[in-house]
Asks: 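The structure that follows is given in the form of structure tokens.
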Amino acid sequence: MTSTKGLEGIVATTSSVSSIIDDVLTYQGYDINDLTEHASFEEVVYILWNGKLPNEEELKSFSNELASHAEVPQQVIDQLKSLPLDKVHPMAVLRTAISTLGLFDEDADKMDEQANRTKALKIQAQIPTIVTAFSRIRQGQEPVAPNKELSFAANFLYMLKGELPEDLEVTAFNKALVLHADHELNASTFTARVCVATLSDVYSGMTAAIGALKGPLHGGANEAVMKMLSEIGEVDQVESYIKNAFEKKEKIMGFGHRVYKNGDPRAKFLRDMSKQLTDTTGETKWYDMSIRVEELVTKEKGLLPNVDFYSASVYHSLGIEHDLFTPIFAISRTSGWTAHILEQYANNRLIRPRAEYVGPGKQNYVALEQR
Ligand SMILES: CC(C)(COP(=O)(O)OP(=O)(O)OC[C@H]1O[C@@H](n2cnc3c(N)ncnc32)[C@H](O)[C@@H]1OP(=O)(O)O)[C@@H](O)C(=O)NCCC(=O)NCCS
């Protein structure tokens with residue numbers, strides 16, 4: 001029995017939710033290049049859960065249904081208010097809040113398909129309400145109630161800032177949500193599938209997935225990119241910063257990928273958005289620094305930017321606090337996690353791999369008083 005470090009190249013399941021073939025990412029067969037240009041996030045969630053494009057009526061009714069579930073139980077808000085919000089990371093708060101949400105859902109352990117689809121819908125609808133409530137509570141403000149008339153993307157920005165967003169902001173944020181919605185068997189999705197394959201409930205699968213996304217090698221990379229750009233500070237400092245990082249053998253966050261070797265197809269959209277948004281805010285240095293970092297890392301290491309690299313300057317330009325970048329990733333990826341959870345339940349078998357034993361050989365037990 002030999003192991004493969006990090007399960008690289010191991011095909012662990014079949015799935016029709018999304019695919020990465022020849023560096024092209026598709027959701028249920030639909031190319032993300034088309035979806036990013038044309039689809040709303042609500043449409044993408046529908047596709048991931050139903051495997052087909054909605055017609056106009058289906059999309060309208062699905063979007064209304066999603067919006068109708070956006071309120072969260074008051075107990076969840078009360079719990080947020082009781083947490084040491086100035087000392088903990090929002091991903092830890094989110095992990096706790098989603099778990100709490102399950103405590104107030106009477107159907108949390110109901111395992112028929114319809115009950116599980118309803119839970120997916122509720123979690124997808126409520127996760128932005130939780131993230132924005134958290135952000136406002138820690139600033140001493142009351143949460144803003146969801147506005148059912150707004151799109152998913154617009155409503156998030158509205159609940160976050162308490163004012164209606166500009167069209168360009170909504171378009172950019174919608175695209176970012178579409179691009180992060182699903183990504184085959186990434187670490188957090190695999191975690192969710194392993195969890196629910198024991199026939200544990202949807203909330204447990206989601207909580208496990210959020211825990212996996214939190215790490216800087218996965219979703220936490222977008223916040224780490226912004227930290228790096230902030231530390232660099234100015235375009236003329238990029239070269240010395242990156243050279244120093246290379247010398248210290250540090251990883252440059254937002255670069256490299258386990259699966260894509262010729263570039264992440266999502267990065268170009270975020271690069272374009274970063275340019276457009278930083279031109280609008282006038283803070284072009286975030287885009288300029290990012291471009292320079294990309295030039296150097298690609299030239300020196302042959303590494304290309306992944307989805308997290310340009311997300312950082314996009315979210316920053318939308319006026320979003322840096323530690324909310326990864327929770328935003330979670331808001332979008334909830335659509336993919338729940339699609340995979342539903343798929344796992346529909347054709348389940350316990351996921352239980354083996355380990356290659358590398359510990360000591362047979363040892364003799366010695367009685368405590370003789371050691
Ligand atoms: C994404 C990532 C975790 C993939 O990991 P992986 O497939 O296990 O690849 P490894 O970490 O084994 O990297 C392979 C080699 O490339 C180097 N490398 C990979 N990503 C790097 C980066 N961002 N900066 C510098 N070097 C990097 C590694 O140091 C390693 O070099 P070595 O063989 O000389 O030791 C990895 O590229 C990474 O840590 N990137 C930064 C974090 C990030 O952006 N995560 C978000 C992913 S969407």
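Whatever order the structure lists ligands and atoms in, that order sets their numbers, starting from 1. Throughout, residue positions are numbered sequentially from 1 according to the sequence presented.
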Asks: Checking Lys119 against Tyr203: charged group under 6.0 Å from the ring centre and within 45 degrees of the axis?
Replies: no
Asks: Using the salt bridge (Lys or Arg N to Asp or Glu O under 4.0 Å) criterion, which residues pair with Lys268? Sequence neighbours excluded.
Replies: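 Lys268 satisfies salt bridge (Lys or Arg N to Asp or Glu O under 4.0 Å) with no residue once adjacent residues are dropped.
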Asks: Does Asp279 come within less than 4.0 Å of Lys275, counting only side-chain N to carboxylate O?
Replies: yes
Asks: Could you pull out all residues at least two apart from Glu166 that satisfy salt bridge (Lys or Arg N to Asp or Glu O under 4.0 Å)?
Replies: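 Applying salt bridge (Lys or Arg N to Asp or Glu O under 4.0 Å) to Glu166 gives none.
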Asks: For residues 126-136, which side-chain N or O atoms pair as donor and acceptor with protein atoms under 3.5 Å away, sequence neighbours left out?
Replies:
unit_1, atom_1, unit_2, atom_2, d
Gln126, NE2, His69, O, 3.1
Gln126, NE2, Glu71, O, 3.2
Thr129, OG1, Ala70, O, 2.7
Thr132, OG1, Pro128, O, 2.8
Thr132, OG1, Thr129, O, 3.2
Ser135, OG, Gln139, NE2, 3.3
Ser135, OG, Glu321, OE1, 2.8
Arg136, NE, Glu142, O, 2.9
Arg136, NH1, Leu160, O, 3.3

Asks: Are the side chains of Ser19 and Glu184 in touch, meaning some heavy atoms are under 4.5 Å apart?
Replies: no
Asks: At a heavy-atom distance under 4.0 Å, which protein residues reach ligand 1? Sort them by chain and number, would you?
Replies: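 Contacting ligand 1 under 4.0 Å are Pro216, Leu217, His218, Ala221, Lys251, Ile252, Met253, Gly254, Phe255, Gly256, His257, Arg258, Leu303, Asn306, Asp308.
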